[in-house]
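Letters go in sequence order (proteins before strands), and every chain restarts at 1.
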Amino acid sequence: MAKFIGQRLAQSLFVLFGLSLLIFFIARVVPGDPARAALGFLATQDQVEKMRAEMHLDKPFVVQYYYWFTGLLRGDLGKSSYTHRPVTTDLGQFIPATLELILFATLISLTVGQVTGVLAGYFRNSWFDGLSRLISYLGIATPSFVVAILLIFVFSQLLRLAPSVGRLPIMVAPPPTVTGFMVLDALIAGRVEVALVALKHLLLPAVSLALIHIAQEGRITRTSIVENLDKDYITMHKVHGIRTSRLVFKYLLRPSIIPTVAVIGLDFAFLMSNAFLVELVFMWPGFARYAVTTMLNKDLNAMVAVVLVIGVTFAMVNLLVDILITFLDPTIRIQRRGG
Amino acid sequence: MWQERKADLVATMKLRRQSLAKGWYKYSRNPLSVLGLIVLVLIGTSAGLAPYITPYPAHAGAFTNFREAGQPPSWKHLFGTDRIGRDVFTRVIFGYRFSLLLGVVVLSLGVAPGVVLGLIAGYRRGTWVEIVIMRITDVFLAVPPLVLALAITAMLTPNLLNAMFAIALLWWPWYCRLVFAVASSLRNQFFVREAELCGASRAHILFREILPNCVAPILTKMTLDMGIVILLGASLSFVGLGAQPPTPCLGTMVADGAKRLPGEWWSTIFPALAIVLVILAFNLVGDGLRDVFAVEEV
């Protein structure tokens, strides 16, 4: 097991190194003057030259990469030319908001997806199964930003049920930052009503992110349930007169856990990239909106850091998922042990 | 001799026709896939003939008519008009043109290198060639394509051509990995061994022996990917990194119209539904092909 984790870790590190080279290459080779972009069009040529020297843009690619890499080892990702702050400070401020959103979306997609999957599988070929199939087809085909706009249109503008901008209303003072998660921070500060408002703000963006995953997880669970419904062990339990709820949760749901966990890794990457658009629509002050803004402003240091953060998260989640599956699935566990 | 060849040819043609008919029979068993195909054909022809069949072809470009701005849907303007008086229906049909063009260009640029690299890596599995190719592939797959596409287009001047280029640059690794899986499993099959023993050239083995076995999964993946590429293109133009105004692009139209919700809902909701429709159609057709080819996973 340790050997397996070590191998995967080494592989991930190699891939991340390659990714940093790739994104660095994209950022430096493509035409356009980042120094000029950072200073604005009013800066004099002298100032731009000075900035170029400061950003090491006048040196060859390898030297630039060396400076950047040694900085990375010291925990320094450079300064953002857009916010004029160290990139690490920016990331620390914006990542929690996105993490809160993504975790909440994962929670929604897992629970709703499992429940619909179980119901659709257990009552297969019923009207509910048909409806859930239709919704899952639509869910997979609808871009998250379209879902976001439709949700805002219906639930925020027509029905006035949920807010559509930011994490909190402007009039409400945000609770002191402890975890960076607005809902948790409000609860820690003992302000339950603020936590509820924050939760309400979280609802629409999280659902827009979650919809496609609800659809996918629902399909996976349904397939697994249908596959096992006719197996002998289920018939035996039925004959023994086990309650339906126990039959479903203890015996039918278990085989579907492994494929569900397996897709979480991929899901996470998609949640991250879909957050890029959903955060724009909801003006969510998170990492993804920061990423898009800095990219649009040709902010090189921030852009490289953003892509790397996503690469690192993706690699870590996938590693975790692989380890989890090894624990969950006895056949894989034995295979790995056997060599 | 010639007679024999001709008889051979006729026999193969007959076989091909039969298998095509069989495939179509299998495909047509699924009403949803047939529906998807019909929708696709409709979208494709109307997009292709857009300048001739849309009610106001001039509205696809830089056209303004403030007297008819912000009109709700009516018989005159099926999907209403946008904030500067252009017919939304016309622009949606023209928008399909660019979406489909994007999909076709990206896939035709991206698939070929991916397939060739995958074939080579799969055939030379276990050598340094495979390691180099597959590790580079891993690097490209280390972040979601939307993120890299955003980064690349943001560095370039935002326009349709650069968006196509950026997405195409990111698309080969998926095909490389797909073909690699098939090729490396076929490498030790008897027909490949036999060709090697007969002294067939490497190109013959890769392209005439192994490649035909990869066609089914490649085709299926391409159909499903059309939807994904169109989605990606719409996302880029939604952010403002795709085709620039006044080019009618579905993503841009959604972004523009969203500012005018809920009053002028038609100028954003219809383009949004148009995106969903075309992606849905490609997904349905892709699912149908998957059943026909009995491809397990793509």
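With a threshold of 4.5 angstrom between heavy atoms, Met295(A) approaches chain B through its backbone and through its side chain. With a 4.5 Å cut-off on non-hydrogen atoms, Ile310(A) touches chain B through its backbone and its side chain both. Contacts between Tyr137(A) and chain B at a heavy-atom distance below 4.5 Å involve backbone atoms as well as side-chain atoms. With a 4.5 angstrom heavy-atom cutoff, Thr153(B) does not touch chain A via any of its atoms. If you measure heavy-atom distances from Leu308(A) to chain B, you find no contacts under 4.5 Å at all. Using a 4.5 Å cut-off between heavy atoms, Val307(A) touches chain B through backbone and side chain atoms alike. Heavy atoms of Ile269(B) lying under 4.5 Å from chain A belong exclusively to its side chain.
Listed by sequence position, Leu231(B), Ala234(B), Ser235(B) are the residues of residues 228-236 of chain B in contact with chain A, using a 4.5 angstrom heavy-atom cutoff. Within residues 272-281 of chain A, the residues having any heavy atom less than 4.5 Å from a heavy atom of chain B are, in residue-number order, Ser273(A), Phe276(A), Leu277(A), Leu280(A), Val281(A). Near-neighbour residues of residues 167-174 of chain B relative to chain A, defined by a heavy atom under 4.5 Å from a heavy atom of that chain, are none.
Within the 4.5 Å cutoff, side-chain heavy atoms of Phe282(A) are placed close to those of Ile152(A). Looking at heavy atoms from C-beta onward, Phe165(B) lies in side-chain contact with Leu156(B) at the 4.5 angstrom threshold. Between Phe238(B) and Pro143(A) the shortest side-chain heavy-atom distance does not fall below 4.5 Å. Using a 4.5 Å heavy-atom cutoff, the side chains of Leu224(B) and Arg290(B) are in contact. No side-chain heavy atom of Lys26(B) sits under 4.5 Å from any side-chain heavy atom of Asp291(B). Annotation: side chain of Glu217(A) is in contact with side chain of Asp267(A) (closest heavy-atom distance under 4.5 Å). At a threshold of 4.5 Å between non-hydrogen side-chain atoms, the residues Val92(B) and Pro271(B) count as touching. Side chains of Arg219(A) and Ser132(A) form a contact here, defined as non-hydrogen atoms less than 4.5 Å apart.
Here Thr252(B) pairs with Ser237(B), Cys249(B), Asp256(B) under the side-chain contact (heavy atoms from CB on, under 4.5 Å) rule; sequence neighbours left out.
Ring planes of Phe24(A) and Tyr65(A): perpendicular class, angle over 60° (limits at 30 and 60°). Between Trp265(B) and Phe270(B), the ring planes lie tilted relative to each other; the angle falls in the 30° to 60° range.
Of all non-hydrogen atoms in Gly311(A) and Leu19(A), the two that sit nearest each other are CA-CD2, 3.9 Å.
Under a cut-off of 6.0 angstrom, the local environment of CZ in Arg289(A) is crowded, with over 12 non-hydrogen atoms contributed by other residues, nucleotides or ligands. Summarising the local packing, OH of Tyr27(B) is surrounded by more than 12 heavy atoms from other residues, nucleotides or ligands at distances under 6.0 Å.
When atom types are taken as modelled, the side chain of Arg97(B) and the backbone of Ala47(B) share a donor-acceptor pair closer than 3.5 angstrom. In this structure a side-chain-to-backbone donor-acceptor pair under 3.5 Å is present from Asn159(B) to Leu161(B). Remark: side-chain polar atoms of Ser156(A) are not paired, donor with acceptor, to backbone N or O of Phe153(A) under 3.5 angstrom.
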Apply side chain to side chain contact (heavy atoms under 4.5 Å, CB included) to residues Ile93(B) and Phe79(B) and explain how you reach the verdict. CA-CA 11 Å; Ile93(B) 301 290; Phe79(B) 290 179; over 6 Å; no
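Chain B forms more heavy-atom pairs under 4.5 Å with one residue of Thr294(A), Thr142(A), Leu150(A), Val292(A) than with any other, namely Thr142(A). Contacts with chain B were tallied for Val306(A), Thr313(A), Val146(A), Val312(A); Val146(A) has the most, counting heavy-atom pairs under 4.5 Å. Contact count versus chain A (heavy atoms, under 4.5 Å) is highest, among Val147(B), Leu141(B), Leu277(B), Asn283(B), for Val147(B).
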